[in-house]
Amino acid sequence: MKNARRKAKDNDKIGRKFRSEATEKQAAKARQSERLIERLEVIDEPRKEWQLQFSIAPAPRSGEIVTVARAASVSRGDFTLGPIDVQLNLRDRVAVTGPNGGGKSTLLSLILGRIPPDTGLVSIGNGVVIGEVDQARALFEGEDPLVVAFAREVPDWPTAEVRTLLAKFGLGVHQVMRPAASLSPGERTRASLALLQARGVNLLVLDEPTNHLDLPAIEQLEEALESFDGTLLLVTHDRRMLDTVRLTRRWNIEAGALEEITPD
Ligand SMILES: Nc1ncnc2c1ncn2[C@@H]1O[C@H](COP(=O)(O)OP(=O)(O)OP(=O)(O)O)[C@@H](O)[C@H]1O
Ligand SMILES: [Mg+2]
């Protein structure tokens, strides 16, 4: 009950921010969220669907060191990132900020081992299971019905469980039978979050997630991040998201140089 009250209050805070920041196009969706939020205030306990809408199941924990870069640099055209010296530890929750073109996405590619360093070294820890919403989303861009595309990624799962999981993410019969490519960006993002939950991840990487999400999906993502107990790398320009998501470190990247910002 205590927990339920706290959640309702948090949701209200988010709701107020939605109201002030929503664009006209998003206003209808924001109103829909408001209605949900208002309902939370008048009932004793949030409804189960809302409360359990989703959480991201962690994979078995990784080692203490998730990834480490030593004097690592990489060039792309005229742009050079680094040399970078940084260590990401188990359960760090890092916000990566900086101007457009500063090198945020390149840093992720480098420290996740997607692109080899030109100089220095990068090493990924044992047992690290990386989950990326964007990567997962790419799986849902084909002509197969969503439920088919999803089931292919979790071959051990009975169809009924796939349907139940997708339904928890607000993807019901109207969505799951349609070609995945015809779903909205927010729907595809919810499907990819469902897939991360199904697979279990211990390093969640989000590069500008709010660019692709509708407001209910952002709210769901923020809730999921709260309960996620693995390591988090979050690139975002979204002030509200920076304020809402629990973070332990902040890296700022400008013109290819990484600076760790320590709270004063
Ligand atoms: N494949 C590539 N070839 C050439 N240049 C590239 C390539 N990828 C990125 N760059 C350049 O590297 C620089 C850093 O890009 P990066 O995508 O890492 O920045 P970012 O901080 O993620 O920017 P944004 O906020 O716009 O996402 C940019 O100047 C970009 O044009
Ligand atoms: Mg980027």
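Please read these numbers as outputs of a predicted model, since none were measured by experiment. Below, each value reflects all heavy atoms present in this structure, side chains not excepted, and no hydrogens, waters or symmetry copies. For ligands, and for the atoms within them, numbers begin at 1 and follow the listed sequence.
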Asker: Distance under 4.0 Å, heavy atoms only, partner ligand 1: which residues pass?
Answerer: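 Within the 4.0 Å shell of ligand 1, which is judged on heavy atoms, sit R76, G77, F79, P99, N100, G101, G102, G103, K104, S105, T106, H237.
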Asker: Using modelled atom types only, decide if a donor and an acceptor are shared between the side chain of N202 and the backbone of V129 within a distance under 3.5 Å.
Answerer: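 Confirmed, N202 side chain pairs with V129 backbone.
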Asker: Which other residues belong to the hydrophobic cluster containing I65, where Ile, Leu, Val, Met, Phe, Trp and Tyr are joined when side-chain heavy atoms lie under 4.5 Å apart, directly or via other members?
Answerer: V68
Asker: Would you check if there is a donor-acceptor pair between the side chains of T231 and D92 at a distance under 3.5 Å?
Answerer: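 On atom types as modelled, these side chains do not qualify, holding no pair under 3.5 Å.
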Asker: With a cut-off of 2.8 Å, does any N, O or S atom of T106 fall short of it relative to the Mg ion (ligand 2)?
Answerer: no
Asker: May I have all residue pairs that pass salt bridge (Lys or Arg N to Asp or Glu O under 4.0 Å) and include part of residues 124-133, sequence neighbours excluded?
Answerer: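 Those involving residues 124-133 are R114-E132.
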Asker: Once salt bridge (Lys or Arg N to Asp or Glu O under 4.0 Å) is applied, what residue pairs with a partner in residues 188-197 remain, sequence neighbours excluded?
Answerer: R190-D214
Asker: Without swapping roles, check the side chain of T248 against the backbone of R93 for a donor-acceptor pair under 3.5 Å.
Answerer: yes
